Protein chains: 2
Amino acid sequence: MPDSAIRPRKEFGKTIAADITHRLREEIIACALAPNEPLRFDVLRERFGASFTTLREALTALAAEGLVDAQEQRGFRVAPVSRQDLIEVTDARVLVEVELIRRSIERGDDDWEIAVISTLHRLKRIEQRDPEHPLRDPEWKIAHRQFHEALVSACGSATLLAIRAELFDRAERYRHLSANFRPRPRDKAGEHQAIMQAAISRNADLAVQLIESHIRSTADNVATYAAHLLDTE
Amino acid sequence: MPDSAIRPRKEFGKTIAADITHRLREEIIACALAPNEPLRFDVLRERFGASFTTLREALTALAAEGLVDAQEQRGFRVAPVSRQDLIEVTDARVLVEVELIRRSIERGDDDWEIAVISTLHRLKRIEQRDPEHPLRDPEWKIAHRQFHEALVSACGSATLLAIRAELFDRAERYRHLSANFRPRPRDKAGEHQAIMQAAISRNADLAVQLIESHIRSTADNVATYAAHLLDTE
DNA sequence: AACGGTATGATTTTCGAAAATATGGCCTGG
DNA sequence: CCAGGCCATATTTTCGAAAATCATACCGTT
């Protein structure tokens, strides 16, 4: 049969709702939809070509993830940003990520080591090929995410990994927020390399320390260069 | 005007969807809807008197909370239980709760102390009045939840509190799971009292230690008395 | 002119029908 | 008798219209 007769437009998941959830999440994280921006159904309907209820389902899911703010009877909007929220997300990330790194270093097997090494390798390749601002490169974003995921992938707790993933998304939105105003990326390549080495050599204390300062210094960077976007009243 | 003319049936939130989310969550936590039970729309439609899309929205939200399992194109079901999941939830709770207790003890003011003391007082009152199995008493459940919430309420992080609340719900479902098979509740009153005293006297290390064993021993209890429900294959 | 209430338009929220998809039984060929 | 494909039925998923709710401008009264 002809495969693309009408094509009920599904790219990510199997359901349209899951697909739209995915696309909306990406756009919010990338700040293509700005913080606080109202998410009106007319607009979304035209933009994503789905019906009210399907969109509503996607927005509800994102509200549970903390990327969307649901105001009952008054619609949805992109979750606001604030210095306080940035601090909370950063602290929570440190708490969780530190625990997961420790567990992964303790439990990780050969496959884990291979995953850490190879994801870092790919990340470095992309950085060499294209040394400009990495956050604008979708490939870099994916590789970066996969490296950090690989680091904690051997922790053994799907529950904590899910929490970690949500916090990572929320933090990435802040990184995008400041990306346009940051002068130059600092030496992330070196930091990633050091973290990898500490992890592979099973030096948990060092890895934890490096991860924590990696997370915190990134957040500090955001806080300074996106200050004008965070202190709004 | 006549207030209950037709009454569009809204008890909890302002929207029907939020109300149904709330009611469904309660029933799942209380195991009125058993783990793994399929959540078919016909049945839910009759039970909650809402339409497909409204129910779908509620189920999607609960899926994001980890209480419902969404199988694309094959509907929803109550999230399964397992020994592994119980361990993960318990470990995650310890990680988060310990951190929040520390912060609350450090930052808590007079109002915090009052909240901790008064919520414990109410809890003890209810336990005296009705010393049988407390999980069957909705008032005890609320009071118990409020005491534990009060303990961490001064932590200063809405983000971590939200994560904590989700984990608390998931753990409470396991407690209900074993409630019917547990011979007698152990001395929770004493444990709560000790935790309160450690917190109020700002003995963080002791409070942390007590909370951790409180959480872990409850989980151990569940693991033993609900063993036949956890080791299914 | 200021205030309060009301009508109007805009927007969200809910509904049940219709389309899409999965499930289970049946039939055929080996 | 079993395996594999096909049709019928059950169930989920999506849609756009209709109801409910909110926001705003208007009008009359003080």
Side-chain angles (χ1 to χ4, degrees), chain A residues 1-25 28 33 36-64 67-80, chain B residues 1-25 28 33 36-64 67-80:
Chain A
M1 70 181 77
D3 58 0
S4 65
I6 309 177
R7 190 171 66 98
R9 162 179 23 67
K10 273 181 284 186
E11 284 155 28
F12 181 64
K14 284 179 159 184
T15 67
I16 295 180
D19 179 41
I20 300 222
T21 305
H22 181 71
R23 291 204 284 156
L24 258 173
R25 186 189 294 117
I28 292 174
L33 294 165
N36 264 312
E37 184 171 335
L39 297 166
R40 297 233 176 72
F41 283 100
D42 302 342
V43 182
L44 298 177
R45 206 141 168 285
E46 189 180 2
R47 182 162 197 176
F48 292 98
S51 94
F52 298 107
T53 40
T54 305
L55 287 165
R56 183 157 247 279
E57 187 182 328
L59 290 170
T60 304
L62 292 172
L67 290 173
V68 159
D69 204 38
Q71 306 160 289
E72 300 204 328
Q73 307 285 24
R74 304 205 293 144
F76 298 82
R77 59 174 184 161
V78 179
Chain B
M1 75 180 75
D3 57 0
S4 64
I6 309 177
R7 191 170 66 97
R9 159 177 32 65
K10 272 183 281 187
E11 285 154 29
F12 181 63
K14 284 178 159 186
T15 67
I16 294 180
D19 180 40
I20 301 226
T21 305
H22 181 72
R23 290 204 284 158
L24 258 172
R25 186 189 293 116
I28 292 173
L33 293 165
N36 265 311
E37 184 171 335
L39 297 167
R40 296 235 175 72
F41 283 98
D42 302 342
V43 182
L44 298 177
R45 204 141 171 286
E46 189 179 2
R47 183 162 195 174
F48 291 98
S51 94
F52 296 108
T53 40
T54 305
L55 287 165
R56 183 157 244 281
E57 187 184 328
L59 290 170
T60 304
L62 292 172
L67 290 174
V68 159
D69 204 40
Q71 307 160 291
E72 299 205 329
Q73 308 284 25
R74 304 204 292 142
F76 299 82
R77 58 173 184 162
V78 179

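Below, chain A is the first sequence line, B the second, and so on; all start at residue 1. None of these values were measured; they are calculated from a predicted model.
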Quiz item: If we only count heavy atoms from C-beta on, is the B/L33 to B/R47 side-chain gap below 4.5 Å?
Solution: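 Side chain of B/L33 against side chain of B/R47, heavy atoms only: contact under 4.5 Å found.
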I need the [atom1]-[atom2] distance between [X] and [N], as an integer number of Å.
{"X": "B/L44", "N": "D/dT11", "atom1": "CG", "atom2": "C1'", "value": "12 Å"}
{"X": "A/D19", "N": "D/dT14", "atom1": "CG", "atom2": "C1'", "value": "14 Å"}
{"X": "A/D42", "N": "C/dG9", "atom1": "CG", "atom2": "C1'", "value": "13 Å"}
{"X": "A/I20", "N": "D/dT14", "atom1": "CD1", "atom2": "C1'", "value": "11 Å"}
{"X": "B/E72", "N": "C/dA22", "atom1": "CD", "atom2": "C1'", "value": "14 Å"}
{"X": "A/E46", "N": "D/dC15", "atom1": "CD", "atom2": "C1'", "value": "17 Å"}
{"X": "B/F41", "N": "D/dT14", "atom1": "CZ", "atom2": "P", "value": "10 Å"}
{"X": "B/L39", "N": "D/dT11", "atom1": "CG", "atom2": "P", "value": "14 Å"}

From [options], pick the nucleotide closest to the side chain of [X]?
{"X": "B/A17", "options": "C/dT14, C/dT23, C/dT13", "result": "C/dT14"}
{"X": "A/K14", "options": "D/dC15, C/dT13, C/dA22", "result": "C/dA22"}
{"X": "A/Q73", "options": "C/dG16, C/dT12, C/dT13", "result": "C/dT13"}
{"X": "B/R40", "options": "C/dT14, C/dT11, D/dT12", "result": "D/dT12"}
{"X": "A/T53", "options": "D/dG16, C/dT12, D/dT13", "result": "D/dG16"}
{"X": "A/I16", "options": "D/dT14, D/dT11, C/dT12", "result": "D/dT14"}

It should be established whether [X] places a side-chain nitrogen or oxygen under 4.0 Å from OP1 or OP2 of nucleotide [N].
{"X": "B/R56", "N": "D/dT13", "value": "yes"}
{"X": "B/R45", "N": "C/dG16", "value": "yes"}
{"X": "A/R74", "N": "C/dT12", "value": "no"}

Exercise. Could you tell me whether B/F76 contacts a base, only the sugar-phosphate backbone, or nothing, with contacts defined as non-hydrogen atoms closer than 4.0 Å?
Key: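 Sugar-phosphate, backbone atoms only, no base.
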Practice problem: Classify the nucleic acid contact of B/T54 as base, sugar-phosphate or nothing, counting any heavy atom under 4.0 Å across all strands shown. | Solution: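 Counting heavy atoms under 4.0 Å across all strands, the contact made by B/T54 is with sugar-phosphate only.
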Practice problem: Step by step, work out the side chain to side chain contact (heavy atoms under 4.5 Å, CB included) result for B/L55 and B/L39. | Solution: CA-CA 10 Å; B/L55 287 165; B/L39 297 167; over 6 Å; no
Exercise. Determine, step by step, whether A/D19 and A/R23 satisfy the side chain to side chain contact (heavy atoms under 4.5 Å, CB included) criterion, reporting the C-alpha distance in whole Å, the side-chain angles of both residues, the deciding distance to 0.1 Å, and the verdict.
Key: CA-CA 6 Å; A/D19 179 41; A/R23 291 204 284 156; 3.9 Å; yes
Quiz item: Out of A/V68, A/L62, A/L44, which one pairs with A/F76 under the side-chain contact (heavy atoms from CB on, under 4.5 Å) rule?
Solution: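 Running side-chain contact (heavy atoms from CB on, under 4.5 Å) over A/V68, A/L62, A/L44 with A/F76 returns exactly one hit, A/V68.
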Quiz item: Which atom pair, heavy atoms only, marks the closest approach of A/A18 to B/E72?
Solution: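 In terms of heavy atoms, the two residues are closest at CB-OE2, 3.0 Å.
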